[in-house]
Visitor: 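Sharing a structure here in structure tokens format.
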Amino acid sequence: VSDLVRQSHRQVDGLRTSLQTQGQAQPGVITRSGKLINGNSRCVLLRDLVAEGKIPASTTIRVAVLPGDTDNREELDLESVLQQ
């Protein structure tokens with residue numbers, strides 16, 4: 001996933017710069033079990049920036065956690081909406 005984000009994200013440079021200078025504007029979305037539904041690009045780029053020493057190592061990704069009763073269909077529907 002990391003390589004795909006770096007190679008194919010349409011605005012990777014802009015997002016990377018924004019994360020470095022302004023921080024994370026929107027939270028990612030995860031399931032109760034820890035599956036990242038939305039925020040893969042932010043996660044990859046934040047990890048890269050930490051590894052390069054461009055942001056503090058204590059930096060973490062902010063996320064919104066879905067309710068425990070969310071089913072697979074709802075996850076897919078939400079992912080589809082958030083990716084647009």
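If you're wondering where the values come from, they're calculated on a predicted model, not measured in any experiment.
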Visitor: May I ask you to test the K54-R16 pair for a side-chain heavy-atom distance under 4.5 Å?
Guide: yes
Visitor: When you measure from the side chain of T17 to the backbone of D13, do you find a donor-acceptor pair of N or O atoms at a distance under 3.5 Å?
Guide: yes
Visitor: Please answer: with hydrophobic residues joined when any side-chain heavy atoms are less than 4.5 Å apart, are L46 and V63 in the same cluster?
Guide: yes
Visitor: Using the side-chain contact (heavy atoms from CB on, under 4.5 Å) rule, take T31 and T70 through it: C-alpha gap first, then chi angles, then the decisive distance, then the call.
Guide: CA-CA 8 Å; T31 63; T70 306; over 6 Å; no
Visitor: Mind listing the closest non-hydrogen atom pair of A64 and P27 along with its distance?
Guide: N-CB, 4.0 Å
Visitor: Test: salt bridge (charged side-chain N to carboxylate O under 4.0 Å, His left out). Region: residues 29-42. Which pairs qualify, not counting sequence neighbours?
Guide: K35-E75
Visitor: Of all the heavy-atom pairs spanning I61 and G39, show the shortest one and how long it is.
Guide: CD1-O, 3.9 Å
Visitor: Is Q26 close to Q24 at the side-chain level, that is, under 4.5 Å between some pair of heavy atoms?
Guide: no
Visitor: Does the salt bridge (charged side-chain N to carboxylate O under 4.0 Å, His left out) test come out yes or no for R6 and D3, once each step is laid out?
Guide: CA-CA 5 Å; R6 290 182 200 105; D3 289 337; 3.1 Å; yes
Visitor: Quick one: list whatever passes side-chain hydrogen bond (donor to acceptor under 3.5 Å, both in side chains) with N72, sequence neighbours left out.
Guide: none
Visitor: Surrounding CD of E52 (heavy atoms of other residues, nucleotides or ligands, distance under 6.0 Å), is the total greater than 12?
Guide: yes
Visitor: What residue among L45, T59, T60 forms side chain to side chain contact (heavy atoms under 4.5 Å, CB included) with V50?
Guide: T59
Visitor: Compare all side-chain heavy atoms of I55 with those of L19 and state whether any distance is below 4.5 angstrom.
Guide: no
Visitor: Applying the 4.5 Å side-chain criterion to the ILVMFWY set and letting contacts propagate, would L4 and V12 be lumped into a single cluster?
Guide: no
Visitor: Out of curiosity, does L15 fall in the hydrophobic cluster containing L49 (side-chain heavy atoms, cut-off under 4.5 Å, transitive links)?
Guide: yes
